[in-house]
Amino acid sequence: MNPLVIVNPHSGGGKTGRTFSSTQRTFEAALGTIDVAFTDRSGHGIDIAYAAAKEKRELVIAVGGDGTLNEVVNGVMRAAEDGMQAPEVAIVGQGTGGDFRKTLGVEHRLDKYLEAIVSGRSRAVDIGRIHYRDNENAEKTRYFVNILSAGMGGLVDQYVASASRALGGKVAYFGASLRALIGSQRGRLKCDVTSEGKESKKLIQTYMIAICNG
């Protein structure tokens, strides 16, 4: 079955959606026939990636930022939880931050992303899972491959998601960081930590906590 390219048209300040019709020809020149699905709401990438696993696709390609990649990963991991064979996941970074592609060491050029995909060389990465309660106090589970952050980091992500990209991603992140710095509150966390078979308890007072896989 053809690779499925999952595109977030709003990533990169909307540039991804505006330019993908011309970019698609480059994808097809490198990969052959592809299928394309555009996300149209928050969380839509999860549903599309889950359906791709259900269709027994072997490869899905996330085109967007770190948020788009996160949704695609959550979709294939939920499919794996349900006993399906999870497709391999590739990325073409088009978002505001693009932190995970830096971890992978991929040069931020379309031809380099496609070159890495066409090579067929897979790279295994760790995946984190978090159980939490959302703003409505409902229990949720989420996967992550890059960074899990709470506190000020979560506020930054929230503010960036609603910020204008007219002046570019760096300006959006700077403004969101400044706003979060002003509005965040220090939290007190009781943590049970198990690492390499050793258990410990920690009391952390902090404005932000981050668990970094990337």
Side-chain angles (χ1 to χ4, degrees), residues 6-18 37-50 62-78 89 91-104 108 125-191 202-214:
I6 301 175
V7 182
N8 177 1
H10 302 293
S11 64
K15 181 179 179 182
T16 302
R18 293 192 299 270
F38 291 91
T39 61
D40 59 17
R41 54 180 168 77
S42 177
H44 195 195
I46 298 175
D47 297 336
I48 297 173
Y50 184 93
V63 180
D66 292 323
T68 306
L69 174 63
N70 177 268
E71 289 194 1
V72 171
V73 167
N74 272 271
V76 300
M77 288 304 298
R78 291 182 186 183
V89 176
I91 65 169
V92 174
Q94 296 288 310
T96 305
D99 187 65
F100 194 66
R101 63 96 181 163
K102 298 172 186 175
T103 295
L104 296 178
H108 190 41
V125 298
D126 292 324
I127 295 178
R129 181 172 61 184
I130 176 176
H131 302 286
Y132 66 100
R133 291 184 180 273
D134 65 12
N135 291 332
E136 283 71 45
N137 204 36
E139 293 186 358
K140 300 284 186 177
T141 297
R142 189 92 176 194
Y143 293 92
F144 67 97
V145 294
N146 191 34
I147 298 172
L148 163 68
S149 64
M152 192 172 74
L155 283 177
V156 171
D157 290 341
Q158 179 181 327
Y159 295 151
V160 166
S162 61
S164 169
R165 306 295 202 283
L167 298 178
K170 289 184 178 180
V171 173
Y173 268 102
F174 178 80
S177 298
L178 183 60
R179 185 179 172 190
L181 184 62
I182 295 171
S184 64
Q185 299 179 359
R186 185 168 63 178
R188 292 168 55 87
L189 305 174
K190 293 181 179 180
C191 302
K202 296 182 182 295
L203 176 62
I204 301 174
Q205 298 188 57
T206 181
Y207 287 94
M208 185 178 84
I209 185 167
I211 300 172
C212 303
N213 190 43

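- Under the ring pair (Phe, Tyr, Trp, His ring centres under 6.0 Å) criterion, Phe38 pairs with Phe20, sequence neighbours left out.
- Closest approach of Gly75 to Ala49, counting heavy atoms only: CA-CB, 3.9 Å.
- Not one N or O on the side chain of Asn213 forms a donor-acceptor pair closer than 3.5 Å with the backbone of Phe144.
- Between atom OG of residue Ser177 and atom CG of residue Leu155 there is a gap of 10.5 Å, rounded to the nearest 0.5 Å.
- Between atom CD1 of residue Ile147 and atom CD1 of residue Ile211 there is a gap of 11.0 Å, rounded to the nearest 0.5 Å.
- Annotation: Arg188, atom CZ; neighbour count of heavy atoms from other residues, nucleotides and ligands within 6.0 Å does not exceed 12.
- The minimum heavy-atom distance linking Ser11 with Gly64 is given by the pair OG-CA, 3.5 Å.
- Within a 6.0 Å radius of CG in Asp126, other residues, nucleotides and ligands contribute 12 heavy atoms or fewer.
- Sequence neighbours left out, the pairs with a member in residues 134-155 that pass salt bridge (charged side-chain N to carboxylate O under 4.0 Å, His left out) are Arg133-Glu139.
- The side-chain hydrogen bond (donor to acceptor under 3.5 Å, both in side chains) search around Asn137 returns none, not counting sequence neighbours.
- In terms of heavy atoms, Tyr207 sits closest to Ser184 at CD2-OG, 3.6 Å.
- Asn8 contributes no side-chain N or O that, together with a main-chain N or O of Thr39, makes up a donor-acceptor pair within less than 3.5 Å.
- We find the CD1-CG distance between Ile130 and Leu148 to be 4.5 Å, quoted to the nearest 0.5 Å.
- At least one side-chain heavy atom of Leu69 sits less than 4.5 Å from a side-chain heavy atom of Val145.
- Rounded to the nearest 0.5 angstrom, Asp66 CG and Asn70 CG are separated by 8.5 Å.
- Rounding to the nearest 0.5 Å places CE of Met77 at 11.5 Å from OG1 of Thr141.
- Residue Arg18 holds its CZ atom at 11.5 Å from NE2 of His10, rounded to the nearest 0.5 Å.
- Looking at heavy atoms from C-beta onward, Thr103 lies out of side-chain contact with Val125 at the 4.5 angstrom threshold.
- Counting non-hydrogen atoms of other residues, nucleotides and ligands closer than 6.0 Å to CD of Gln185 gives a total of 12 or fewer.
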